[in-house]
Amino acid sequence: MLDDPDRRRSALSELRSRLDEGRARARLDKTQLSRRAGLGRTTVSNALSPDHGVPSLETVTALADVLKLPVEEFLKLRRIAAGETGTASADVSGPGRPIGQWDPHELEVHPAGSGKSPLSADGVRALPGYARREHDKVLANAVTAAAAGRSGIVVLVGTSSTGKTRACWEAVQPLAERPGGSGIPSIRPAPKPHLRTFTGSGHGRWCG
């Protein structure tokens, strides 16, 4: 079964081991690998570390592609490790997935402090409380406009670990809560192949 804990742990261990072996064969350190894959070094480090959760679909795709590894095999390992079931999770041809299906940690929302995120009652890693700042109003307005059919682009700029990804995560949550809103696709197109797939997909509403 896909949700068997032992099978999930085994798949995650194999996924990380094979990615790290590919990195070693390519003679790349984590910084070099992150640059080639278009990912942050922390994202790459977390993906290869046994102390972190399942890396995101986009992260696995980018790393396997750069290391010339069989992408579909690695995505299958990732799905097993994440306990994903059904065709929606298995279908990676489209640009992203509904907002309500994302785990914030898959999108590289960092835990507060240096420790691991605590687990909620249902075993999901919980996020700490969020203090809204002035830029959250700008993001909220942009999301509201997008939901109403008015397109736009907002770029949130800041140094590392200042809460950029968390702010964007909080901004799109109202879309997941509104009727039919959880079906609005959300993407994180770090790998160039995924960005090209999205731009040619014809989807009308999205958050990225």
Side-chain angles (χ1 to χ4, degrees), residues 2 6-84 89-97 101-117 125 155-169 185-201 208:
L2 280 178
D6 290 335
R7 189 180 183 209
R8 291 174 63 178
R9 281 192 292 269
S10 177
L12 182 55
S13 177
E14 181 181 348
L15 174 66
R16 287 199 171 109
S17 176
R18 290 178 63 184
L19 283 173
D20 208 29
E21 288 171 1
R23 180 188 65 80
R25 283 195 301 272
R27 298 184 178 182
L28 298 173
D29 61 29
K30 293 175 183 177
T31 299
Q32 293 169 327
L33 177 56
S34 67
R35 288 172 179 166
R36 293 196 184 187
L39 302 169
R41 190 189 184 285
T42 299
T43 297
V44 172
S45 180
N46 290 350
L48 301 177
S49 169
D51 296 327
H52 290 81
V54 180
S56 70
L57 180 151
E58 287 80 7
T59 296
V60 172
T61 300
L63 293 178
D65 184 59
V66 166
L67 296 172
K68 300 184 180 353
L69 299 171
V71 175
E72 288 302 324
E73 286 185 26
F74 281 78
L75 292 179
K76 181 179 179 180
L77 284 171
R78 186 206 163 272
R79 287 196 293 272
I80 295 172
E84 293 179 350
S89 297
D91 180 13
V92 297
S93 61
R97 52 181 134 139
Q101 292 183 12
W102 283 102
D103 180 310
H105 297 89
E106 288 184 286
L107 299 172
E108 322 299 349
V109 175
H110 295 175
S114 58
K116 297 180 182 179
S117 299
R125 287 178 295 169
V155 179
L156 185 58
V157 179
T159 56
S160 176
S161 301
T162 53
K164 301 183 297 297
T165 308
R166 177 66 186 274
C168 293
W169 169 257
S186 174
I187 64 169
R188 182 179 183 272
K192 292 180 181 178
H194 275 240
L195 183 57
R196 287 195 294 267
T197 297
F198 169 73
T199 55
S201 68

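Small disclaimer: the values here were computed from a predicted structure and weren't measured. Every heavy atom of this structure was used, including side-chain atoms; hydrogens, water molecules and symmetry mates were not.
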Taking all atoms of both residues into account, what is the closest heavy-atom pair of [X] and [Y], and its distance?
X	Y	value
L19	A64	CD2-N, 4.3 Å
A37	V66	CA-CG2, 3.6 Å
R36	L28	CZ-CD2, 3.6 Å
V109	R166	CG1-CD, 3.8 Å

Do [X] side-chain atoms and [Y] backbone N/O form a donor-acceptor pair below 3.5 Å?
X	Y	value
K164	T159	yes
Q32	D29	yes
R41	K30	no
T61	L57	yes

Between atom [atom1] of [X] and atom [atom2] of [Y], what is the distance when rounded to the nearest 0.5 Å?
X	Y	atom1	atom2	result
E14	L77	CD	CG	4.5 Å
T59	N46	OG1	CG	9.0 Å
D20	L67	CG	CG	9.5 Å
T165	L156	OG1	CG	8.5 Å

Does the side chain of [X] reach to within under 4.5 Å of the side chain of [Y], using non-hydrogen atoms?
X	Y	answer
P55	V44	no
V54	V60	no
R79	L75	yes
H52	R16	yes
L69	R25	yes

Run the numbers on E72 and K76 for side-chain contact (heavy atoms from CB on, under 4.5 Å), then give the verdict. CA-CA 6 Å; E72 288 302 324; K76 181 179 179 180; over 6 Å; no
Within a reach of under 6.0 Å around CZ of R18, are more than 12 heavy atoms found that belong to other residues, nucleotides or ligands? yes
Using the side-chain contact (heavy atoms from CB on, under 4.5 Å) rule, take I80 and L15 through it: C-alpha gap first, then chi angles, then the decisive distance, then the call. CA-CA 10 Å; I80 295 172; L15 174 66; over 6 Å; no
